[in-house]
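Here is the structure we will look at, set down as structure tokens.
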Amino acid sequence: MDLEHNTLTKEQIEANPMLPRRFRIDKVTWETQETFTHELVPIDGADMFRFKPGQFNMIYVFGVGEIAISISGDPDDDSRLYHTTRVVGSVTRRKQNLVEGDILGIRGPFGNHWPVEKAVGKDVVVIAGGIGLAPLRPVIYYLLNHRDQYKRITLLYGTRSPDKILYSRQLKEWGARFDIDVSVTVDSADTDWQGHVGIVTKLIPKAVFDPNNTVAFVCGPEIMMRFTAMDLLKFDMPEDKIYVSMERNHKCGIGFCGHCQLGSYFICKDGPVFTYDKLKSYLSIKEV
Ligand SMILES: Cc1cc2nc3c(=O)[nH]c(=O)nc-3n(C[C@H](O)[C@H](O)[C@H](O)COP(=O)(O)OP(=O)(O)OC[C@H]3O[C@@H](n4cnc5c(N)ncnc54)[C@H](O)[C@@H]3O)c2cc1C
Ligand code: FES
């Protein structure tokens, strides 16, 4: 079947999770030199699907390959789909050349989610490193959309340098609000940078939260998640209130192929979000 040019029926899409549904790129925004966001609208079927914060789609760049990318938009806005992608290898390199009007194949949404429902009535600390802000952005949208259900909300974000900061305009908007504390830090600054300097864990002691009544959502490089979790533990946060997100190469995205297996888990089906106690022995173990 010519997946790039054939329109699928809703029934065909629902019956076969391996069939990509076609989406049109409506807008491309370059966030940094190597990271861009696609805004997508559906072609096949009438409705946009709903997703939960932390879920991902398998994105097919026709004729090139399929990759897992988190959904980075607002879960309460089903008018379009947002994906932020960092260019690292063959598929993402070809994806970066696509322009408005081009077509992508989408399968999903797959995976579990950041359990925002378990954080109701609690302080929430969201800690992101680099591209890790993309899978966490739907959490921030969700918390702010349902602001009255949560106590203090804190976002701590770290990147290597100021030019690597994602969603900078939005971070400023969130930072200007009184109902969320936003701190951004960079490992190394240029002369224009007036914010924090140092790794993201240095922001944790400055954050205000009740360790006995807090849920933490952490996403970034594995080494960053490990050190962040270890610092949160020093504040007596329980391991099972610290959530981290794991990345492994995906093929099917639905628990069939075993490609993403890590110990007894299939990351695509059991994850990508896990409590720290379940994942701590795997963090920073090199992918085989
Ligand atoms: C659940 C999930 C959600 C993801 N969300 C995002 C997202 O929102 N934005 C984003 O930019 N990327 C995300 N990724 C990572 C993305 O899938 C990979 O960057 C992509 O598959 C690389 O494909 P490529 O063909 O360009 O690179 P390749 O040519 O396959 O690889 C280039 C380099 O990247 C490494 N690499 C490839 N895939 C992964 C991976 N999954 N994890 C770690 N390293 C990898 C390879 O080891 C190699 O060193 C996510 C991955 C998973 C599993
Ligand atoms: S990607 Fe196939 S089982 Fe997870």
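Read the numbers this way: they start at 1 and go in the same order the structure lists the ligands and their atoms. We're numbering straight along the sequence, starting at 1.
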Just jot down the ligand 1 atoms closer than 4.0 angstrom to any heavy atom of [X], in number order.
| X | answer |
| --- | --- |
| R248 | 41 (N), 53 (C) |
| F56 | 1 (C) |
| R86 | 10 (C), 11 (O) |
| V91 | 24 (P), 25 (O), 26 (O) |

- On the 0 to 90° scale, with breaks at 30° and 60°, tag the F235-F209 ring pair as parallel, tilted or perpendicular.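 Rings of F235 and F209: tilted, as their planes differ by 30° to 60°.
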- Task: Could you pull out, from G54, A68, A134, the option with a heavy atom nearest to atom 13 (C) of ligand 1?
- Result: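 Nearest heavy atom to atom 13 (C) of ligand 1 lies in A68.
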- Query: Looking only at non-hydrogen atoms, which of I131, I67, I59 approaches atom 23 (O) of ligand 1 most closely?
  - Reply: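 Shortest heavy-atom distance from atom 23 (O) of ligand 1: I67.
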- Query: Does the shortest distance from atom 4 (Fe) of ligand 2 to an N/O/S atom of C260 fall below 2.8 Å?
  - Reply: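 Yes.
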- Query: From C268, does some N, O or S atom reach closer than 2.8 Å to atom 4 (Fe) of ligand 2?
  - Reply: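 Under 2.8 Å: C268 contacts atom 4 (Fe) of ligand 2 through an N, O or S atom.
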- Before giving the answer on salt bridge (charged side-chain N to carboxylate O under 4.0 Å, His left out), spell out for R152 and D181 the whole-Å C-alpha distance, their side-chain angles and the decisive distance to 0.1 Å. CA-CA 8 Å; R152 281 169 291 216; D181 285 327; over 6 Å; no
- Query: Would you call G65 a ligand 1 contact, heavy-atom distance under 4.0 Å?
  - Reply: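 No, that is not the case, since the closest heavy atom of the residue is not under 4.0 Å from the ligand.
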Any nitrogen or oxygen of [X], main chain or side chain, under 3.5 Å from a nitrogen or oxygen of ligand 1?
| X | result |
| --- | --- |
| T92 | yes |
| R93 | no |
| E247 | yes |

- Query: V61 and side-chain contact (heavy atoms from CB on, under 4.5 Å): which partner among T92, V91, D102, I103?
  - Reply: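 That would be V91; it is the only one of T92, V91, D102, I103 passing the side-chain contact (heavy atoms from CB on, under 4.5 Å) with V61.
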- Is any NZ, NE, NH1 or NH2 atom of the basic residue among R226 and E222 found under 4.0 Å from an Asp or Glu carboxylate oxygen of the other?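 No, this pair does not count.
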- Item | D187/R160 ion pair, N-O < 4.0 Å |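 Here D187 does not pair with R160 in a salt bridge, since their nearest N and O are not under 4.0 Å apart.
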- Task: Quick one: look at I267 and ligand 1, take heavy-atom pairs under 4.0 Å, and tell me if it's side chain, backbone, both or neither.
- Result: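 No part of I267 is near ligand 1 at this cut-off.
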- Query: Which value, rounded to 10°, describes the SG(C257)-atom 2 (Fe) of ligand 2-SG(C252) angle?
  - Reply: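 SG of C257, atom 2 (Fe) of ligand 2 and SG of C252 span an angle of about 110°.
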- Item | Lys NZ or Arg CZ of R137 over Y167 ring: under 6.0 Å, within 45° |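 Yes, a cation-pi geometry.
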